[in-house]
2 protein chains.
Amino acid sequence: MATQPPSADTEKESDVEQQNADVCTVVGAVEEVGSKWKLVILNDLRDGEKRFNELKRSTGASSYTLSRVLDGLEENGFIDNRKELESPVASYYILTEKGSALCPVFDALDEWGADWLESTGE
Amino acid sequence: MATQPPSADTEKESDVEQQNADVCTVVGAVEEVGSKWKLVILNDLRDGEKRFNELKRSTGASSYTLSRVLDGLEENGFIDNRKELESPVASYYILTEKGSALCPVFDALDEWGADWLESTGE
DNA sequence: CGGCATCCTTGGAGATACTG
DNA sequence: CAGTATCTCCAAGGATGCCG
């Protein structure tokens with residue numbers, strides 16, 4: 001794939017631009033959910049609906065971080081937020097279709113981890 | 001593992017410690033390969049052996065970053081480095097077993113991306 | 001060609017405190 | 001309980017330059 005015409009004289013590092021933006025869907029996927037917390041939180045929501053503080057406990061994220069990541073995930077359509085204004089307010093987070101579609105990824109990750117994480121001597 | 005006794009009066013955010021370190025293998029896996037470049041590079045190496053500059057082109061990472069991530073990946077046993085001291089030096093990177101074992105993850109990621117990335121309107 | 005040393009900018013993320 | 005607002009810190013990562 002001669003994607004790089006060698007004719008380019010100004011072949012600086014800054015010239016790569018965004019040619020890697022859509023190399024393949026994996027890259028795109030990574031760009032969207034490639035951060036630690038996003039993965040951790042989404043994986044945590046596989047169990048089903050969870051509350052803010054539940055997630056805080058299970059993931060270990062701070063309120064600040066959790067709030068932000070949750071916000072981002074909702075914006076990108078990975079999760080859905082349902083608020084109940086009853087007693088002292090309760091908001092539940094749950095995976096959307098888009099988010100649930102990531103389950104195979106987590107399964108694969110889980111399987112890999114089971115196979116290699118232990119023997120690596122963390 | 002009741003690491004968090006609800007009876008704790010000093011329930012500060014800093015008390016969570018590492019109870020999330022081994023919640024499940026997914027978290028562990030994410031800790032190891034949860035960064036953008038690691039995923040991107042590993043995915044790129046699925047095609048087979050590649051040279052430094054090949055990776056630089058295809059991933060769009062700078063030499064500095066690439067070098068570092070590659071180094072980390074090698075340390076963790078994901079990839080293998082073969083250097084040929086011929087003419088102007090050539091080093092090839094290739095996935096190890098451990099690294100190849102991640103392929104299912106990338107496949108899942110790829111499939112997900114194909115399904116959802118386009119319709120999301122990047 | 002491969003890749004390390006340096007500088008510098010950004011944002012991810014924790015601590016803490018405060019509000020509805 | 002569920003956030004939001006700040007402040008701060010540090011690592012990730014890009015740009016450049018240089019060297020084997």
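Each chain gets a letter, A, B and so on, in the order its sequence line appears, and its residues count up from 1.
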For the side chain of [X], starting at C-beta, report the closest nucleotide among [options].
| X | options | value |
| --- | --- | --- |
| Asn53(B) | dC4(C), dG2(C), dA2(D) | dG2(C) |
| Ala90(A) | dG13(D), dG14(C), dA2(D) | dA2(D) |
| Pro88(B) | dG14(D), dT4(D), dC1(C) | dC1(C) |
| Phe52(B) | dA2(D), dG2(C), dG13(D) | dG2(C) |
| Arg51(B) | dG14(D), dC1(C), dG3(D) | dC1(C) |
| Tyr93(B) | dG2(C), dG3(C), dG13(D) | dG3(C) |
| Ser67(A) | dA2(D), dT4(D), dA13(C) | dT4(D) |
| Ser63(A) | dA13(C), dT4(D), dG13(D) | dT4(D) |

Atom-to-atom span, [atom1] of [X] to [atom2] of [N] - whole angstrom:
| X | N | atom1 | atom2 | result |
| --- | --- | --- | --- | --- |
| Glu49(A) | dA2(D) | CD | C1' | 15 Å |
| Leu39(B) | dG13(D) | CG | C1' | 16 Å |
| Tyr64(A) | dT6(D) | OH | P | 11 Å |
| Trp37(B) | dG11(C) | CH2 | P | 16 Å |
| Ile41(B) | dG3(C) | CD1 | C1' | 13 Å |
| Glu74(B) | dG3(C) | CD | C1' | 13 Å |
| Arg82(A) | dC1(D) | CZ | P | 17 Å |
| Lys56(B) | dG3(C) | NZ | P | 11 Å |

For [X], enumerate each residue passing the side chain to side chain contact (heavy atoms under 4.5 Å, CB included) test, keeping only those at least two apart in sequence or located in another chain.
| X | result |
| --- | --- |
| Thr96(B) | Asp80(B), Lys98(B) |
| Asn81(A) | Glu74(A), Lys83(A), Ser91(A), Tyr93(A) |
| Lys50(A) | Asp44(A), Leu45(A), Asp47(A), Glu54(A), Leu55(A), Ser58(A) |

Q. Does the separation of the ring centres of Phe106(A) and Trp112(B) fall below 6.0 angstrom?
A.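 No, too far apart.
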
Q. If you fit an axis to the five pairs at each end of the helix from dC1(C)-dG20(D) to dG20(C)-dC1(D), how big is the angle between those two axes, to 10 degrees?
A.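 Angle reported: 50°, given to the nearest ten degrees.
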
Q | Of Leu70(A) and Val69(B), the one whose closest DNA chain D nucleotide lies more 5' | A |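 That would be Leu70(A).
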
Q.
Can you tell me if Ser91(A) touches the phosphate of dG3(D), counting only side-chain N or O atoms and a distance under 4.0 Å to OP1 or OP2?
A.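 So the side-chain polar atoms of Ser91(A) do come within 4.0 Å of the phosphate oxygens OP1 or OP2 of dG3(D), strictly under.
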
(Q) Looking at Thr65(A), I'd like to know whether one of its side-chain N or O atoms comes within less than 4.0 Å of OP1 or OP2 on dG14(C). (A)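 For dG14(C), OP1/OP2 do have a side-chain N/O of Thr65(A) under 4.0 Å.
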
Q: Please tell me if the side chains of Phe52(B) and Leu70(B) come closer than 4.5 Å, counting only heavy atoms from C-beta onward.
A: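 Counting from C-beta outward, Phe52(B) and Leu70(B) do come under 4.5 Å.
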
Q: Would you mind reporting whether Thr65(A) and Arg68(A) have side-chain heavy atoms less than 4.5 Å apart?
A: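 Result no, sub-4.5 Å side-chain heavy-atom pair not found.
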
**Q.** For Asp71(A), all residues meeting salt bridge (charged side-chain N to carboxylate O under 4.0 Å, His left out), sequence neighbours excluded
**A.**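 Listed in chain order: nothing, the list is empty.
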
Q: Not counting sequence neighbours, which residues clear salt bridge (charged side-chain N to carboxylate O under 4.0 Å, His left out) with Glu84(A)? List them please.
A: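 Glu84(A) satisfies salt bridge (charged side-chain N to carboxylate O under 4.0 Å, His left out) with Arg82(A) only.
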
Q | Along DNA chain C (nearest heavy atom to each residue), the more 5'-positioned of Val89(A) and Arg68(A) | A |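 Upstream on the strand: Arg68(A).
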
